Amino acid sequence: DVHDGQTVKAGDVLVELDPTMNAAELEHMQRDFIATRLDIARLRAALGDKENPLEDFVPPVGATAEAIARQFLSSQDAEIKSNITYIDRQLAQKKAERDMIVAGIDKLEATAPFIQERVDIRKYLFGRELGSKLQYLSEEQDLIGHQKEILVQKAKQKEAEAAVAT
C-alpha cells in the first residue's frame, strides 16, 4: 500500500485494479460491439438490392448464433415498443376527438331549443302578418341546419367511439 507523501521507486505497485470488474466490463463492451456490428449488417442487408434482405445479410466475424438471436430479439422488442407507443398516441388522439365531438353535440343540443323558439315566434308573427316571411324562413333554415349538424356530429361520435373501441 502507498500512502500520501510516501516515496516510491520504479516498479512499486501504486494501485491494484480488480480484474473481475475489468473482465466483466470488457465482456459487456464486446457484446455491445458485436450487437452494433450486427445492426450494421442488418441495415446493410435491408438497404441491399436483393428482394429478400436475408440473402444480403452477412453476420460479422465473431457473431455467434446467440448474439444474432439476441440482436434480432432486441430489434423486434424495440420495434414493438415503438409501435405500441404510436398506437397509444393515436388512441389518445381519438379519445380527445371523441370528447370534442361530444362537447360539440352538447352545445348544439343546448342551443337547439332557443333556435326552435325563435322559429316559433317568427312563424307566429308571420301567421298574424306582423313579421316578414323572409325572416321566418331564415330562422327555419337555421333550425334545420342546426338539427342536421347534430346528426352529423352524432355520426362522427359513433365513428370516434368505434375507433376507440378497437
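As the structure is a prediction and not an experimental result, all values here were calculated from the model.
Residues I105 and Q157 share a closest heavy-atom pair of CD1-OE1, 3.3 Å. For the pair K133 and F126, the tightest heavy-atom approach, listed with the atom from each and the gap, is CB-CE1, 3.1 Å.
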Less than 3.5 Å apart, which donor and acceptor atoms pair up between the side chains of residues 24-31 and the rest of the protein, not counting sequence neighbours?
from	atom 1	to	atom 2	distance (Å)
E27	OE2	R31	NH1	3.0
H28	NE2	D32	OD2	3.2

Which atom pairs, donor and acceptor, lie under 3.5 Å between side-chain atoms of residues 86-95 and protein residues at least two apart or in another chain?
from	atom 1	to	atom 2	distance (Å)
Y86	OH	Q90	NE2	2.9

Between side-chain atoms of residues 140-150 and protein atoms elsewhere (two or more places apart, or another chain), which donor-acceptor pairs fall under 3.5 Å?
from	atom 1	to	atom 2	distance (Å)
H146	NE2	L108	O	2.7
H146	NE2	T111	OG1	2.9
E149	OE2	Q153	NE2	2.7

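With rounding to the nearest 0.5 Å, the separation of NZ in K123 from CD in Q116 is 9.0 Å. The line from CG of L125 to CD of Q135 is 9.0 Å long, rounded to the nearest 0.5 Å. Taking CD1 of I84 as the reference point, atom NZ of K81 lies at 8.5 Å (rounded to 0.5 Å). How far CZ of R122 is from CG of D120: 12.5 Å, rounded to the nearest 0.5 Å.
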Show, in sequence, the C-alpha distance, side-chain angles and deciding distance for R118 and I115, and conclude whether the side-chain contact (heavy atoms from CB on, under 4.5 Å) test is met. CA-CA 5 Å; R118 284 197 326 248; I115 297 172; 3.9 Å; yes

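Hydrophobic clustering, with ILVMFWY side chains joined whenever heavy atoms are under 4.5 angstrom apart, groups I121 together with Y124.
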